[in-house]
Participant: 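One structure, as structure tokens, below. Some questions next.
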Amino acid sequence: MTTPNEQPGGVLHVTDSRTGRSYEIPISEGAVRSLDFRQIKTSDDDFGLLCYDPAFLNTASCRSGITFIDGDAGILRYRGYPIEELARKSSFLDVSFLLLSGELPAKDESAAWSAEIGKHTYVHENVKKFIDGFHHDAHPMGMLVSTVAGLSTFYPEAKFVADPARQREQVVRLIAKMPTLAAFAYRHAMGLPYAYPDAELSYAGNFLNMMWKMTEPRYRPDPVLERALDILLILHADHEQNCSTSAMRVVGSSHVDPYSAAAAAAAALWGPLHGGANEQVLRMLQEIGSVAGVPAYVERVKRGEIRLMGFGHRVYKNFDPRASIIKEVADQVFSVTGRNPLLDIALELERIALADDYFISHKLYPNVDFYSGIIYQAMGFPVTMFPVLFAIGRMPGWLAQWQENAADPEQKIARPRQLYVGEDLRHLDGELGG
Ligand code: CMC
């Protein structure tokens, strides 16, 4: 696939069969502008031609310089860098810096950035009171969505979204506080006291500390697991205009503060067709129960009774490059934790599905969520925490996209049109409620 800036410009000649009139619609960057179709009318009082695209299957909602995906070739790049290189050689915080600023940080910038994030990892003590109000069995994603939104009440200056200095403060706070909110939600569910951040640990190491610290005076994360988690966060950091990122942009386009927009994005992520899929994959593997149960399960999928969770993607139609990297990470994690027995079921499911006509013809391949859950489980995370881990990783991407949207002079409040298919004008007869 050529990138938009490699596409030649041109003109689309359109003839409206209703009127016989012809139009020239400019083509630029491989796209036509929907608004150019509004001139196509059947009469002066006609509103003009609309483009109908439910679920945005073929609509670009923005011009973006952050993430490039070629779904057919299985390519994912952040700011031009291949995901494979970033996963191998970079860190999650440096990747966050890259997404937000456009460049990887120099050594001193990297150290300053990570110190700045470390300084903002604490949350106001009152946040613990909100969390305490949740039931012990509340889903941690529900707690996360609520506490992210709740942060806006602590930082009223966050509403000054056009002020770059204020904007940056909230960006730092959101990236810094996500692991704290996530770990506090977990500790609440477990009935454990909250473990406070340790700024001497890495971003991933500190998260593991807040999750698992018990009576030891100082928690020391296993370096293999710490690195594995950091890589998983890198793989989730951005994915262009997916459902949650679009939610971030759309909600942010009303100029609401970024905490409220990020809460909306996290809510969108929670759904089982998006970031909630990793949780569903684990439940699915547990339901299948054994390698012997795989063929019958695949048959149910082919009969259309259920979907194979962790398979398929709106954009990737060949392979998901993140899934390939995750398989390598899995080996490293299992060398420390021992092999997750669900892995055998997952491998068999992948083997059978990839050889089956249904999956080949529908271009269904394992996506990022297929193996991530097995790794998280081996590391000790309960299934309900899986989408929370995804949300921590995706936060810098949401924020970079939000900033880009705010700085784009072409963007306005997002407001799609509709094709009204309801009743024509009608009137009430007689008495109301009769
Ligand atoms: N299992 C079985 N059949 C499937 C699946 C699946 N996982 N995904 C799509 N199909 C079939 C679907 O039934 C349809 O078949 P037909 O044309 O015969 O009616 C066809 O493939 C196209 O499906 P679609 O729903 O139009 O595809 P989409 O591009 O709108 O959906 C998807 C993409 C990811 C929502 C979908 O593949 C799915 O539901 N996958 C399972 C959930 C999942 O793993 N989600 C995580 C995505 S990756 C993480 C992220 O970025 O969110």
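Ligands are counted one by one from 1 in listed order, and the atoms in each one are counted from 1 as well. Heads up: numbering here begins at 1 and tracks the sequence. Keep in mind the model is a prediction, meaning the values are calculated, not measured.
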Participant: Going through the distances and angles, do Phe311 and Tyr365 end up as a ring-ring contact (aromatic ring centres under 6.0 Å, His included)?
Facilitator: CA-CA 5 Å; Phe311 262 67; Tyr365 299 87; 8.0 Å; no

Participant: Give the residue and atom name of whichever protein heavy atom lies nearest to atom 50 (C) of ligand 1, and the separation in Å to one decimal.
Facilitator: His274 ND1, 3.5 Å

Participant: Near Leu308, which atoms of ligand 1 are under 4.0 Å from a heavy atom of that residue?
Facilitator: 1 (N), 2 (C), 6 (C), 7 (N), 41 (C)

Participant: Counting only nitrogen or oxygen atoms and a 3.5 angstrom limit, does Arg394 reach ligand 1?
Facilitator: no

Participant: Is ligand 1 less than 4.0 angstrom away from at least one heavy atom of Phe359?
Facilitator: no

Participant: Would you say Leu232 and Ile234 make side-chain contact, with heavy atoms under 4.5 Å?
Facilitator: no

Participant: When you measure from the side chain of Asn278 to the backbone N and O of Ser372, does any donor-acceptor pair fall under 3.5 Å?
Facilitator: no

Participant: For Glu240, enumerate each residue passing the side-chain hydrogen bond (donor to acceptor under 3.5 Å, both in side chains) test, keeping only those at least two apart in sequence or located in another chain.
Facilitator: none

Participant: Of all the heavy-atom pairs spanning Thr245 and Asp238, show the shortest one and how long it is.
Facilitator: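 Smallest interatomic distance, heavy atoms only, reads OG1-OD1, 4.5 Å.
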
Participant: Any side-chain donor-acceptor pair under 3.5 Å between His239 and Gln401?
Facilitator: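 Judged by distance alone, the side chains do not pair up.
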
Participant: Flag Ile306 as yes when one of its N or O atoms lies below 3.5 Å from any N or O atom of ligand 1, and as no otherwise.
Facilitator: no

Participant: I would like to know whether Glu103 and Arg79 meet salt bridge (charged side-chain N to carboxylate O under 4.0 Å, His left out); could you show each step before the answer?
Facilitator: CA-CA 8 Å; Glu103 296 299 334; Arg79 300 279 190 188; over 6 Å; no

Participant: What are the atoms of ligand 1, with element, lying closer than 4.0 Å to any heavy atom of Tyr358?
Facilitator: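 So the atoms of ligand 1 that pass are 2 (C), 3 (N), 11 (C), 13 (O).
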
Participant: Nearest heavy atom to atom 24 (P) of ligand 1 wins, so pick from Lys302, Lys363, Arg307.
Facilitator: Arg307

Participant: Closer than 4.0 Å and a protein heavy atom, does any atom meet both conditions relative to atom 27 (O) of ligand 1?
Facilitator: no

Participant: Under 3.5 Å between some N or O of ligand 1 and some N or O of His362?
Facilitator: yes

Participant: Using the test side-chain hydrogen bond (donor to acceptor under 3.5 Å, both in side chains), find all partners of Tyr194 that sit at least two apart in sequence or belong to another chain.
Facilitator: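 Per chain and number, Tyr194 pairs via side-chain hydrogen bond (donor to acceptor under 3.5 Å, both in side chains) with Asp132.
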
Participant: Give the atoms of ligand 1, by number and element, whose distance to some non-hydrogen atom of Ala277 is under 4.0 Å.
Facilitator: 43 (C), 44 (O), 45 (N), 46 (C)

Participant: Taking 4.0 angstrom as the limit and counting only heavy atoms of Arg314, give me the atoms of ligand 1 inside it, by number and element.
Facilitator: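 Listed by number with element, the hits are 28 (P), 29 (O), 30 (O), 33 (C).
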
Participant: Identify the two heavy atoms, one from Asp36 and one from Ile25, that lie closest to each other, and give their separation to 0.1 Å.
Facilitator: O-CD1, 3.6 Å

Participant: Quick one: does Val301 get within less than 4.0 Å of ligand 1, heavy atoms only?
Facilitator: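 So Val301 counts as touching ligand 1.
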
Participant: Backbone or side chain, does any N or O of Asp369 fall under 3.5 Å from an N or O of ligand 1?
Facilitator: no

Participant: With a heavy-atom distance limit of 4.0 Å, tell me whether Gln280 approaches ligand 1 through its side chain, its backbone, both, or neither.
Facilitator: neither

Participant: Within ligand 1, which atoms have a heavy atom of Leu273 less than 4.0 Å away?
Facilitator: 39 (O), 45 (N), 46 (C), 47 (C)

Participant: Carefully, step by step, assess Asp53 and Thr59 under the rule side-chain hydrogen bond (donor to acceptor under 3.5 Å, both in side chains).
Facilitator: CA-CA 7 Å; Asp53 186 12; Thr59 294; 2.3 Å; yes

Participant: In the complex you have, is atom 22 (C) of ligand 1 within reach of the protein, judged by whether a heavy-atom distance drops under 4.0 Å?
Facilitator: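 No; the ligand atom in question lacks any protein heavy-atom contact below 4.0 Å.
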
Participant: Would you indicate which of Leu364, Asn367, Val368 comes nearest to atom 9 (C) of ligand 1 when only heavy atoms are counted?
Facilitator: Leu364

Participant: Starting from atom 34 (C) of ligand 1, locate the nearest protein heavy atom and write down its residue, its atom name and how far away it is, to 0.1 Å.
Facilitator: Gly312 O, 3.7 Å

Participant: What protein heavy atom lies closest to atom 40 (N) of ligand 1? Include the residue and the distance to one decimal.
Facilitator: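 In this structure, atom 40 (N) of ligand 1 has Phe311 O, 2.9 Å as its nearest protein heavy atom.
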
Participant: Does any non-hydrogen side-chain atom of Leu151 lie less than 4.5 Å from one of Leu181?
Facilitator: yes

Participant: Do the non-hydrogen side-chain atoms of Lys177 and Met395 ever get within less than 4.5 Å of each other?
Facilitator: no

Participant: In ligand 1, which numbered atoms sit nearer than 4.0 Å to a non-hydrogen atom of Gly310?
Facilitator: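 Result: 43 (C), 44 (O).
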
Participant: In the protein, which heavy atom is nearest to atom 42 (C) of ligand 1, and how far is it?
Facilitator: Met309 CE, 3.5 Å

Participant: Could you walk me through whether Glu226 and Ser202 pass the side-chain hydrogen bond (donor to acceptor under 3.5 Å, both in side chains) test, one step at a time?
Facilitator: CA-CA 8 Å; Glu226 181 183 7; Ser202 71; 2.5 Å; yes

